[in-house]
Amino acid sequence: MPAGAHARWWARAAAAISLALCLLGAARALAAVPEAACPALGLSFARAEIPSLPRLCFLRDAAHALGPEDILGGRAPMERRDADQLVFRQNQSVYWVYAPLRNLEPAARTWFLQLDYPLLDEVDVWVYDLGTDPATDLAPDPAADSAEDPAPGVAPRLLRTARMGDARPFDARPVRHRLFLMPLDFGPGQRLAVVLRVRSSGAINIPLSLHSGASAIGWAQDHGLSQGMFLGALAMLALFNAALYLRLRIRQSLYNTAYILCAGLFLTSMSGLSFQYLWPDWPWLANRSVPLTETLAILSLLWFTRHFLAIDAGRWPRQARLMRLLAWIGAGLLAASLLVPYSLIIKIDTVYALACMVAMFGLGLRHLRQGERAARWYVLSWLVFFAGYLAYGLAAFGYIPGFMAQERWMQVALGSQMFLLTYAEVMQLHDLMRRALEIEASARSSLQYEVQSRTADLRATMGALEQANRQLRELTLHDPLTGLLNRRGLDEALARFAANEGAAPRGTLVIFDLDHFKRVNDVHGHEAGDAALRWVAEVLLNLLRRRSDVLARFGGEEFVALLPATSLEDAIILAAGVLEHVRRNAVELDDGSTIALTLSAGAAHWREGETPQSLFRRADENLYRAKAAGRDRLVADGES
């Protein structure tokens with residue numbers, strides 16, 4: 001073989017070997033993380049749940065540079081730790097967790113992977129199929145992990161993914177639950193690999209557990225019952241305090257109601273219940289609700305303390321200034337909670353809350369030393385609260401594990417504090433009532449005399465008030481210029497007139513209108529116009545003298561005469577007399593000048609089945625007909 005051909009042959013052989021090695025390496029890399037480093041956890045019917053996954057592989061990705069393929073391929077060194085120990089303080093890193101699982105049973109089964117910490121911004125899950133274990137017919141050891149490698153060269157197959165977290169809409173979760181649940185469907189002997197990516201602006205806890213279907217349902221029922229009982233107890237305490245405020249108008253009961261509601265919202269926000277039920281479509285609010293409700297709860301408790309301990313500027317000036325300062329800081333933090341990044345504002349709010357709690361506890365001790373009996377229950381409530389709050393805060397910030405256990409202890413501590421604060425209110429009211437009874441017993445005679453004197457004063461005042469009400473009613477029903485009824489008074493008279501059953505005939509309504517009244521105001525001035533209106537009112541009062549007649553000034557220059565039990569013919573005679581008197585007599589003004597006036601009128605007689613509105617409308621139409629016919633005349637029903 002020529003030398004050139006030998007060289008080409010060796011080059012091709014080297015290339016083929018290199019390609020084979022690359023393919024084999026890629027297949028090995030994609031197959032799975034080596035089982036020697038992260039052995040698969042065996043699942044069987046003998047274990048209904050695994051509260052904490054043991055010896056999980058995890059790593060911290062500070063550069064956010066890795067993907068699920070990198071974790072599966074074992075391209076980065078991983079550490080091992082039990083799931084309940086995967087607790088990390090606030091940082092900007094991404095944490096990856098790798099959990100290989102193996103169904104030891106020869107039957108299909110569904111498990112639920114549960115992450116028991118709801119305050120995570122992003123939780124991404126990838127579920128891969130690693131193939132089926134061929135030895136499923138062997139009796140498995142439920143407590144043993146498998147150390148056998150999957151079939152070499154078989155690449156994992158992606159089955160499903162999920163993108164969860166309180167920075168995303170709640171409906172993106174595969175299971176509608178406040179915690180993060182991922183259903184895992186195993187075939188007989190099937191191996192699955194779960195890769196988790198976790199990132200959050202707060203502390204990071206990754207307490208993973210596994211539950212069979214029945215176990216998951218039972219756990220959800222038990223936890224839902226406990227949450228419902230706790231929230232129901234808070235609701236009852238809030239309703240009791242609200243009832244105290246509505247019945248006795250004691251402000252501290254109102255602030256205690258606000259504290260119970262805000263603290264309850266804070267706990268439901270921390271537990272994920274608020275995100276699930278109140279604002280599932282608002283991830284932004286789900287993040288902001290924690291600092292907002294925490295600050296609102298502290299502000300409510302500050303004002304409750306101020307009123308419960310009677311901290312006023314006159315008696316306790318320094319304490320009052322301290323309370324005002326803390327309240328102003330809280331108001332500022334409340335506004336900042338909407339703008340400042342969560343990672344920063346949650347730390348500031350927590351420091352502020354601790355400072356306020358220490359201040360309120362110190363004020364309670366100060367008042368207890370002053371001999372205030374109710375303060376002892378106030379101080380005791382803080383001692384109970386601190387026991388749960390410190391452990392809960394340390395777990396929430398990632399300093400200690402067991403967030404769920406601390407959450408339950410926090411509920412007990414917070415519920416006990418609220419009960420003791422409410423009991424302290426009741427004891428304070430009891431002391432106030434006892435003192436009031438003592439004062440009443442010692443001053444009964446003088447108090448009785450004072451009551452009698454005040455009763456007489458009250459009766460006199462009530463009489464004067466009744467007289468004033470009558471006068472006020474007269475003013476509201478009468479025109480101040482002419483003394484006749486105004487439009488409101490006319491409406492009431494028409495209503496009585498229409499309701500007078502059995503009056504046959506009912507009567508007649510006449511509307512008078514001053515002709516060219518605008519000209520009077522323009523030529524002689526408004527004072528002359530007012531004098532003309534008063535003069536017309538006097539004419540009506542003098543010519544229509546019956547007590548049953550109703551006279552009113554309806555508008556600017558319109559007057560209405562309601563003549564009960566008067567026929568249309570008699571009403572025409574009376575109205576014509578009014579028009580004749582106005583036509584023949586001029587109005588004399590204060591300066592000696594006179595004004596000649598005329599009136600137009602429209603009359604309408606009551607008809608069976610008529611309403612006051614239709615009666616008035618017909619009289620008004622007749623008035624317009626009189627004006628259209630040349631003014632200074634009367635038009636009645638039936639006249640052209």
Side-chain angles (χ1 to χ4, degrees), residues 41 43 49-61 68 71 80-91 93-101 110-128 160-185 192-213 215-217 219-220 222-224 227 269-276 280 283 286-287 290 395-398 400-408:
L41 177 64
L43 307 177
E49 62 180 353
I50 303 175
S52 176
L53 298 187
R55 306 290 292 165
L56 284 177
C57 290
F58 75 97
L59 63 86
R60 176 179 176 179
D61 180 12
I71 305 303
R80 296 193 66 185
R81 189 182 298 180
D82 290 347
D84 57 3
Q85 299 298 319
L86 294 177
V87 179
F88 310 99
R89 284 175 284 178
Q90 190 178 49
N91 62 81
S93 299
V94 169
Y95 285 86
W96 292 89
V97 178
Y98 175 74
L101 305 171
T110 298
W111 287 76
F112 289 88
L113 182 66
Q114 179 171 301
L115 202 166
D116 298 334
Y117 187 72
L119 300 177
L120 296 173
D121 293 344
E122 297 176 6
V123 178
D124 299 330
V125 184
W126 293 266
V127 181
Y128 291 90
R160 64 184 305 180
T161 62
R163 295 173 58 83
M164 301 176 281
D166 57 10
R168 295 160 176 165
F170 191 85
D171 290 338
R173 305 186 180 192
V175 178
R176 185 175 177 80
H177 196 274
R178 70 181 187 92
L179 302 176
F180 303 108
L181 289 175
M182 187 69 182
L184 303 175
D185 298 321
L192 296 181
V194 181
V195 178
L196 285 90
R197 176 186 179 275
V198 179
R199 190 197 68 82
S200 186
S201 55
I204 296 179
N205 291 329
I206 317 177
L208 291 171
S209 58
L210 271 173
H211 301 266
S212 64
S215 172
I217 293 174
W219 184 91
D222 294 343
H223 193 266
Q227 290 285 347
S269 297
M270 291 288 291
S271 66
L273 288 172
S274 294
F275 190 26
Q276 180 178 359
N287 272 287
V290 174
F397 279 96
I400 61 174
F403 176 80
M404 295 295 290
Q406 304 306 330
E407 180 187 58
R408 289 188 286 271

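Note that the numbering runs from 1 along the sequence shown for the chain. The figures that follow rest on heavy atoms only: side chains count, while hydrogens, waters and symmetry mates do not. Note that this is a predicted model, so its numbers are computed, not measured.
- Taking each heavy atom of Asp116 and Ser209 in turn, the nearest pair found is OD2-OG, 3.5 Å.
- When atom types are taken as modelled, the side chain of Ser52 and the backbone of Asp84 share a donor-acceptor pair closer than 3.5 angstrom.
- Summarising the geometry, atom OH belonging to Tyr117 is positioned 14.0 Å from atom CG belonging to Leu208; distances are rounded to the nearest 0.5 Å.
- Pairs passing the side chain to side chain donor-acceptor pair (under 3.5 Å) check and including a residue from residues 160-170, sequence neighbours excluded, read Asp124-Arg168.
- Between Phe88 and Tyr95, the distance separating the two ring centers is shorter than 6.0 angstrom.
- Paired with Tyr98 under the rule side-chain contact (heavy atoms from CB on, under 4.5 Å), one option of Leu196, Ile71, Leu59 passes, and it is Ile71.
- Listed for the Arg80 side chain is a donor-acceptor partner under 3.5 Å among the backbone atoms of Arg55.
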Item to complete: For side chain to side chain contact (heavy atoms under 4.5 Å, CB included), just list the numbers for Met182 and Val194, CA-CA rounded to whole Å, side-chain angles, deciding distance to a tenth of an Å, and then say yes or no.
Response: CA-CA 10 Å; Met182 187 69 182; Val194 181; 5.9 Å; no

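- Side-chain atoms of Asp121 come within 3.5 Å of backbone atoms of Ser201 as a donor-acceptor pair (strictly under, hydrogens ignored).
- Within the model, atoms CG of Leu101 and CH2 of Trp111 stand 9.5 Å from one another, a figure rounded to the nearest 0.5 Å.
- The shortest side-chain heavy-atom distance between Arg81 and Leu56 does not fall under the 4.5 Å cut-off.
- The CD atom of Glu49 sits 7.5 Å away from the OG atom of Ser212 when rounded to the nearest 0.5 Å.
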Discussion item. Apply side chain to side chain contact (heavy atoms under 4.5 Å, CB included) to residues Phe112 and Leu184 and explain how you reach the verdict.
Written reply: CA-CA 6 Å; Phe112 289 88; Leu184 303 175; over 6 Å; no

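- No donor-acceptor pair closer than 3.5 Å links the side chain of Asn205 to the backbone N or O of Pro207.
- Taking the side chain as every heavy atom from C-beta outward, Leu41 and Pro54 approach each other to under 4.5 Å.
- Using a 4.5 Å heavy-atom threshold, the side chains of Ser200 and Leu119 count as separate.
- Of all heavy-atom pairs spanning Pro169 and Pro283, the tightest one is N-CG, 3.6 Å.
- Asn91 contributes a side-chain N or O that, together with a main-chain N or O of Arg89, makes up a donor-acceptor pair within less than 3.5 Å.
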Item to complete: Take Gln227 and Leu273 through the side chain to side chain contact (heavy atoms under 4.5 Å, CB included) test and state the conclusion after the steps.
Response: CA-CA 9 Å; Gln227 290 285 347; Leu273 288 172; 3.4 Å; yes

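- For the pair Phe275 and Arg178, the minimum side-chain heavy-atom distance is 4.5 Å or more.
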Worksheet item: So Val97 and Val195, side chain to side chain contact (heavy atoms under 4.5 Å, CB included) or not? Walk me through it.
Response: CA-CA 6 Å; Val97 178; Val195 178; over 6 Å; no

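- Applying the side-chain hydrogen bond (donor to acceptor under 3.5 Å, both in side chains) criterion to Asp82, with sequence neighbours excluded, gives no partner residue.
- Between Ala203 and Leu120 the shortest heavy-atom distance is O-CD2, 4.0 Å.
- Residue Leu53 holds its CG atom at 11.5 Å from CD1 of Ile206, rounded to the nearest 0.5 Å.
- Contact check for Asp171 versus Arg176: side-chain heavy atoms found under the 4.5 Å cut-off.
- For the atom pair Asp185 CG and Thr110 OG1, the distance stands at 4.0 Å (nearest 0.5 Å).
- Val123 has its side chain within reach of Leu115: a pair of non-hydrogen atoms, C-beta onward, lies under 4.5 Å apart.
- A 4.5 Å side-chain heavy-atom check between Leu210 and Gln114 finds every atom pair outside the cut-off.
- Contact detail for Met270 and Pro118: the closest heavy-atom pair is O-CG, 3.1 Å.
- Residues Gln276 and Phe170 have side chains in contact (heavy-atom distance under 4.5 Å, counting atoms from C-beta outward).
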